[in-house]
Chemist: 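I have a structure I would like to understand better, so I am pasting it below and will then ask my questions one at a time.
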Amino acid sequence: MKSETLLYQPQVCLATGQVIGAEVLLQCCMPGAPRTPPAELPATEGPDALIRERGRRLLRAACAQAAAWRAEGLQPGRIAIALAPQQWSDGDLTAEVQAALQVGGLPASALGLEITEDLLQQHGDRVADALRPLHADGVEVALAHYGTGCSSLARLRALPLDVLKIDRSFIDDIGAADSSASVSRSVIQLAHGLHLRVLADGVHTAEQIRLLGRHGCDRMQGPAFSPPLSAEAFKELLQSCRALPQELIQRRRHERTLLLVDDEEHILSALRRLVRRDGYKVLTANSGAAGLEILQREPVDVIVSDQRMPGMTGVEFLGRAKELAPATVRMTLSGYTDLQSIIDAVNEGAVYKFLTKPWDDQRLREHIAQAFRQRELVEENERLTHEVSVANTGLAAANRRLEHAVRREHDSLRAMQTAAGRAHDMVDLVPMAVLGFDATGHLVYANRCAVTMFPLWVADLGGPPDPALAALLASVPPDRESHHPVMHGGRHYQAWRSRVAPYPVDDGCLLMLRHAQA
């Protein structure tokens with residue numbers, strides 16, 4: 001009988017490098033057969049009733065395992081699971097998921113559900129209706145394999161989605177060409193424009209992690225960090241607190257942090273509810289003084305402050321916030337419109353935008369999202385400026401080293417040229433005939449004495465030697481320590497023959513002749 005094992009593919013936050021959850025995968029194995037590679041759920045083989053029952057069993061098993069980890073004091077994050085199409089088309093899926101959470105004693109925020117574009121094509125309305133109450137409870141919803149189907153923007157906006165999962169077919173080629181990378185960038189930008197987070201699936205290399213982080217991707221999963229793990233191995237991973245290496249964390253080292261400042265508690269509550277789904281870390285203060293205390297101890301990216309507050313107006317608070325945390329993007333939200341103070345604050349750079357009460361929910365969320373993008377754009381520019389500065393410093397140092405090396409090489413070459421010139425002069429003044437031959441036997445050098453003693457031979461300089469000179473050269477044994485007596489033109493000479501380079505290199509030879517003593 002075929003056995004089924006649940007495996008867990010770790011998911012990592014690219015902003016912190018920490019494990020934030022896992023996708024549930026299924027590995028099947030027949031007795032005596034090798035294990036097959038883990039596959040994404042759902043498993044859709046068999047009759048519909050059997051598929052529904054298996055899907056229900058796997059969902060409950062995953063929830064129970066996540067609850068068991070939590071009971072041991074571990075933080076497994078959110079466990080994401082895909083359900084079979086048959087589970088969406090028949091029965092009350094909402095109640096089924098809620099029952100699995102209840103049986104496992106797991107909060108809704110600890111579960112994620114994945115849907116696909118194909119599923120939307122088959123059961124779009126039914127899927128949306130089933131997801132809405134689960135999403136309202138806190139279950140995270142991800143659209144998997146995005147880009148392989150034909151989902152419209154209108155459909156995406158209408159669904160209760162939190163995460164867009166980039167299909168691995170785009171990730172594989174992200175570093176291969178600009179066109180491939182631009183597809184991923186477009187998906188990331190689209191998702192962020194819809195207030196969705198982005199998960200990259202199938203990430204294999206550190207370079208892909210760097211590119212994804214550079215282009216603003218929020219999460220990743222794949223062999224670059226970890227393969228799918230058994231429940232025990234995933235537990236060990238959580239216990240070890242393993243994370244991405246710091247050099248791969250190129251984006252923000254902290255959560256997107258939003259500070260809300262208003263002296264009316266119901267306004268703060270309404271704003272918290274409004275941005276709850278956007279994934280921000282939300283801090284609140286009921287006065288400007290309390291807001292300044294938070295800025296002293298917490299990194300904050302965006303501030304939204306009321307204008308009319310006791311003790312300190314919003315403009316005054318934001319002006320002091322600028323001095324305390326100049327990198328923050330500061331906005332004021334108020335029904336009170338003291339136009340001149342707002343104009344002054346904007347001109348002084350204390351306020352990025354002025355928004356009015358009552359607000360439009362969607363517009364306000366867009367303004368806040370734009371403020372975070374502005375903050376991150378400034379941060380990215382600062383990072384790039386720093387990288388350019390470091391690169392320029394390194395380039396300047398490399399240029400100095402190169403100039404020094406060139407100067408040393410030039411000095412060495414000049415010294416060699418000087419030495420060669422002096423050696424040439426010395427040989428030229430030797431009181432005996434010195435004739436030089438290259439490796440091919442051509443006469444290539446003659447000193448002054450040789451020119452005087454053998455003018456006919458020297459006339460052949462650069463070409464094959466005179467036959468008589470060639471015969472004379474052949475008659476002199478090479479590398480003899482003592483001279484060899486030879487005769488030419490009725491005169492006796494003492495001759496030496498020496499190789500220019502050591503044996504076995506054949507780089508020519510020198511023939512030296514002087515008159516023999518009578």
Side-chain angles (χ1 to χ4, degrees), residues 7-27 35-41 76-80 82 112 114 116 142-148 163-192 196-230 233-234 236-238 240-254 376 379-380 383-384 386-388 390-391 394:
L7 299 182
Y8 299 86
Q9 173 66 67
Q11 296 178 341
V12 178
C13 174
L14 288 175
T16 64
Q18 302 296 319
V19 175
I20 56 170
E23 179 186 6
V24 181
L25 304 177
L26 184 66
Q27 187 174 60
R35 290 188 175 274
T36 59
E40 293 182 345
L41 294 174
R78 198 184 302 265
I79 302 302
E114 291 191 358
T116 64
L143 179 61
H145 308 303
Y146 182 74
T148 60
V163 177
L164 209 58
K165 190 174 180 182
I166 303 178
D167 188 75
R168 63 183 61 196
S169 61
F170 297 134
I171 305 302
D172 287 341
D173 296 328
I174 190 171
D178 289 342
S179 59
S180 298
S182 67
V183 172
S184 298
R185 286 199 298 271
S186 298
V187 173
I188 292 169
Q189 292 170 2
L190 169 66
H192 288 168
L196 303 176
R197 293 177 288 283
V198 183
L199 168 66
D201 185 24
V203 181
H204 284 79
T205 68
E207 182 59 20
Q208 289 175 346
I209 295 177
R210 290 190 183 93
L211 287 170
L212 288 165
R214 189 177 304 159
H215 297 320
C217 186
D218 302 292
R219 308 172 181 177
M220 60 79 63
Q221 65 181 52
F225 178 75
S226 171
L229 303 173
S230 66
F234 187 69
E236 293 174 359
L237 177 70
L238 296 174
S240 69
C241 298
R242 182 183 158 204
L244 285 176
Q246 285 298 313
E247 60 268 21
L248 296 184
I249 304 174
Q250 296 192 6
R251 294 191 67 226
R252 305 175 61 80
R253 299 302 201 276
H254 62 272
E376 288 161 2
E379 184 178 357
E380 179 69 5
R383 184 186 67 80
L384 292 176
H386 174 70
E387 289 184 358
V388 169
V390 171

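This chain uses plain numbering: 1 for the first residue, then up along the sequence.
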Chemist: Could you check Leu211, Ile209, Val12 and say which one makes a side chain to side chain contact (heavy atoms under 4.5 Å, CB included) with Val203?
Modeler: Ile209
Chemist: Locate the shortest heavy-atom distance separating Val19 from Leu237; write the atom from each residue and the value.
Modeler: CG2-CD2, 4.3 Å
Chemist: What heavy-atom pair brings Leu14 and Cys217 nearest, and what distance separates the two atoms?
Modeler: CD1-O, 3.5 Å
Chemist: Calculate, to the nearest 0.5 Å, the distance between atoms CG and CG belonging to Leu196 and Leu143 respectively.
Modeler: 9.0 Å
Chemist: Check step by step if side-chain contact (heavy atoms from CB on, under 4.5 Å) holds for Cys13 and Asp218.
Modeler: CA-CA 6 Å; Cys13 174; Asp218 302 292; over 6 Å; no
Chemist: I'd like to know whether Ile171 forms a side-chain contact (heavy atoms from CB on, under 4.5 Å) with Leu212, so could you lay out the CA-CA distance, the side-chain angles of the two residues, the decisive distance to 0.1 Å, and finally the verdict.
Modeler: CA-CA 9 Å; Ile171 305 302; Leu212 288 165; 4.0 Å; yes
Chemist: Nearest 0.5 angstrom please: Gln221 CD to Leu25 CG, how far?
Modeler: 7.5 Å
Chemist: Is a donor on one side and an acceptor on the other found under 3.5 Å between the side chain of Asp201 and the backbone of Asp167?
Modeler: no
Chemist: Looking only at heavy atoms, what is the nearest atom pair of Phe234 and Gly21, with distance?
Modeler: CZ-O, 4.0 Å
Chemist: Nearest 0.5 angstrom please: Leu229 CG to Leu238 CG, how far?
Modeler: 9.5 Å
Chemist: If I take atom CD from residue Gln11 and atom CZ from residue Arg78, how far apart are they, to the nearest 0.5 angstrom?
Modeler: 10.0 Å
Chemist: Within the side chain of Glu114, is there an N or O that forms a donor-acceptor pair under 3.5 Å with the backbone of Ala80?
Modeler: no
Chemist: Is the shortest heavy-atom distance from the side chain of Leu199 to the side chain of Glu23 under 4.5 Å?
Modeler: no
Chemist: Which heavy atom of Gly202 sits nearest a heavy atom of Gln208, and at what distance?
Modeler: O-OE1, 4.3 Å
Chemist: Between Tyr8 and Val24, is a side-chain contact (heavy atoms from CB on, under 4.5 Å) present by the stated rule, with each step listed?
Modeler: CA-CA 5 Å; Tyr8 299 86; Val24 181; 4.0 Å; yes
Chemist: Using every non-hydrogen atom in the two residues, find where Pro10 and Pro227 come nearest and quote the distance to one decimal.
Modeler: CD-O, 3.7 Å
Chemist: With rounding to the nearest 0.5 Å, note down the distance linking CD in Gln9 to CD1 in Ile79.
Modeler: 11.5 Å
Chemist: Minimum heavy-atom separation for Ala243 to Gln18, with atom names?
Modeler: CB-NE2, 3.6 Å
Chemist: About how many Å separate CD of Glu247 and CZ of Arg210, when rounded to the nearest 0.5 Å?
Modeler: 6.5 Å
